[in-house]
Amino acid sequence: MRTLSTPSPALICPQNLHSFQNGRGSSTSSSSITGETVAIVHSPPPTRLTHPLIRLASKHQKEQANIDRLPDQCIIQIFSYLPTNQLCRCARVCRSWYNLAWDPRLWRTIRLTGETLSVDRALKVLTRRLCQDTPNVCLMLETVIVSGCRRLTDRGLYTIAQCCPELRRLEVSNCYNISNEAVFDVVSLCPNLEHLDVSGCSKVTCISLTREASIKLSPMHGKQISIRFLDMTDCFVLEDEGLHTIAAHCTQLTHLYLRRCIRITDEGLRYIMIYCTSIKELSVSDCRFVSDFGMREIAKLESRLRYLSIAHCGRITDVGIRYIAKYCSKLRYLNARGCEGITDHGVEYLAKNCTKLKSLDIGKCPLVSDIGLEFLALNCFNLKRLSLKSCESITGQGLQIVAANCFDLQMLNVQDCEVSVEALRFVKRHCKRCIIEHTNPAFF
């Protein structure tokens, strides 16, 4: 394919594949070319259409084209509401619109999806065109979302790192070919990066500056990484040592998600609490080696912690819940589903100390009974979401106590619980906005 110097914003993709968005609309038009997705580039449309089958508009018709009288700023404002595929069509109307459609202000966000998309090439085409007015730099591009693109490689991330110094948000979830080195380049060359999602990138084991960047910075260079949101869900090979490096370099973290990072232990959590003292949301769901000792470390976040997910961490018992309840009094959300060591005593500690709790999931905790629900009902009046799925010891009496005290309840999950129809109806009468998820065919 011959590539001309001025690319069009159009991307050609396999049929029925939503491949490219700018964050506000649907995908561009599609076409299958030799089984792979490529970025098509061509020269801007001519100022005047000269095809013999196209008749020139009459003088009267030209006078009706009032949109041509609008200033460029107004047209750009109109374009800002268009999805990417429509923006691409507008770019092919005339030379004037072509130039306006490529105004950097319309390209603050790039979104690419699709397993067969040739992402590296698409990013190269887009960044090259966006750098036309500011050589080698895309000053307006702040967000790049490349989710589920298996063909994204380190080369594509290098392109982003070199051309997008103002990047603030990067999502490359489920891009299996991304390695540590490419991520290091991005965080080193994009100093304003605050949001990083590498969930499902199984080769990523660490977040750090490159060696060259570390040498140029002061001994306190770790603070130069301004990431606040980090999602490393399903990064299976992440270990405590890698978590230590992440914590030491990303000290401004407020949101950290480590779901199914199965090699993480209590020692890794200790590193996090040493360096990252501002964390508000933390998930260690399905981290099977996390125990009550890890909960003791997490409790050091004290009132800053608002969200905690420890689902299916089988080594956590009432002791760990007591640490959290004692020190994290402003906790709003707790997911402890599948923590079979939690009993009514743990729920009691939680209810009496975390009275502002709004969402609680204690499903598949067979040792929690109506006694624990009574403590919740008498202390957590602001409770809005409660999941009791597969809690074998829960009965309708416990649900009625909750409904009589927690009027703002909006979601109740009692699937696979032995609860009568009368109890469900009682909940519905007292909590009129509550959506009840159940498995009782008699209740509807």
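Quick note: numbers below take in every heavy atom, side chains included, and nothing from hydrogens, waters or symmetry partners. Computed from a predicted structure; not experimentally measured.
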Is any side-chain heavy atom of [Y] closer than 4.5 Å to one of [X]?
| X | Y | result |
| --- | --- | --- |
| His438 | Leu424 | yes |
| Lys203 | Asn177 | yes |
| Ile401 | Asp370 | no |
| Leu331 | Cys354 | yes |
| Met232 | Ile246 | yes |
| Leu139 | Leu130 | no |
| Leu157 | Val146 | no |
| Leu357 | Asn382 | no |

Take atom [atom1] of [X] as the centre, draw a 6.0 Å sphere, and report whether it contains more than 12 heavy atoms from other residues, nucleotides or ligands.
| X | atom1 | value |
| --- | --- | --- |
| Glu166 | CD | yes |
| Phe293 | CZ | no |
| Lys428 | NZ | yes |
| Arg385 | CZ | no |
| His255 | NE2 | yes |
| Ile435 | CD1 | no |

For Asp286, give me all partners under side chain to side chain donor-acceptor pair (under 3.5 Å), at least two apart in sequence or on another chain. none

Output all residues satisfying side chain to side chain donor-acceptor pair (under 3.5 Å) with Glu181, sequence neighbours left out; order by chain, then residue number.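 Ser179.
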
Dump the intermediate steps for side chain to side chain contact (heavy atoms under 4.5 Å, CB included) on Glu194 and Ile225, then the final yes or no. CA-CA 8 Å; Glu194 296 180 348; Ile225 297 184; over 6 Å; no

Distance under 6.0 Å and angle within 45° of ring axis: Arg150 vs Tyr176: no

Donor-acceptor pair between Asp292 and Thr317 side chains, under 3.5 angstrom: yes

Answer with yes or no whether the side chains of Thr205 and Asn180 bring together a donor and an acceptor at under 3.5 Å.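 Distance-only check passes for Asn180 and Thr205.
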
Are the charged groups of [X] and [Y] less than 4.0 angstrom apart, N to O?
| X | Y | answer |
| --- | --- | --- |
| Glu297 | Arg270 | no |
| Arg169 | Glu171 | yes |
| Asp361 | Arg337 | yes |

Supply the atom-to-atom distance Lys358 NZ to Phe381 CZ, rounded to the nearest 0.5 angstrom. 15.5 Å

With sequence neighbours excluded, tell me which residues meet side chain to side chain contact (heavy atoms under 4.5 Å, CB included) with Thr233.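 Partners of Thr233 under the side chain to side chain contact (heavy atoms under 4.5 Å, CB included) test: Ser199, Asp231, Tyr257, Arg259, Arg260.
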
Give a yes or no on whether the ring-centroid distance for His249 and Tyr275 is below 6.0 angstrom.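 Centroid separation for His249 and Tyr275: 6.0 Å or greater.
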
Please find out if less than 6.0 Å separates the ring center of Phe426 from that of His430.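 Yes, the ring of Phe426 comes within the 6.0 Å limit of the ring of His430, centre to centre.
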
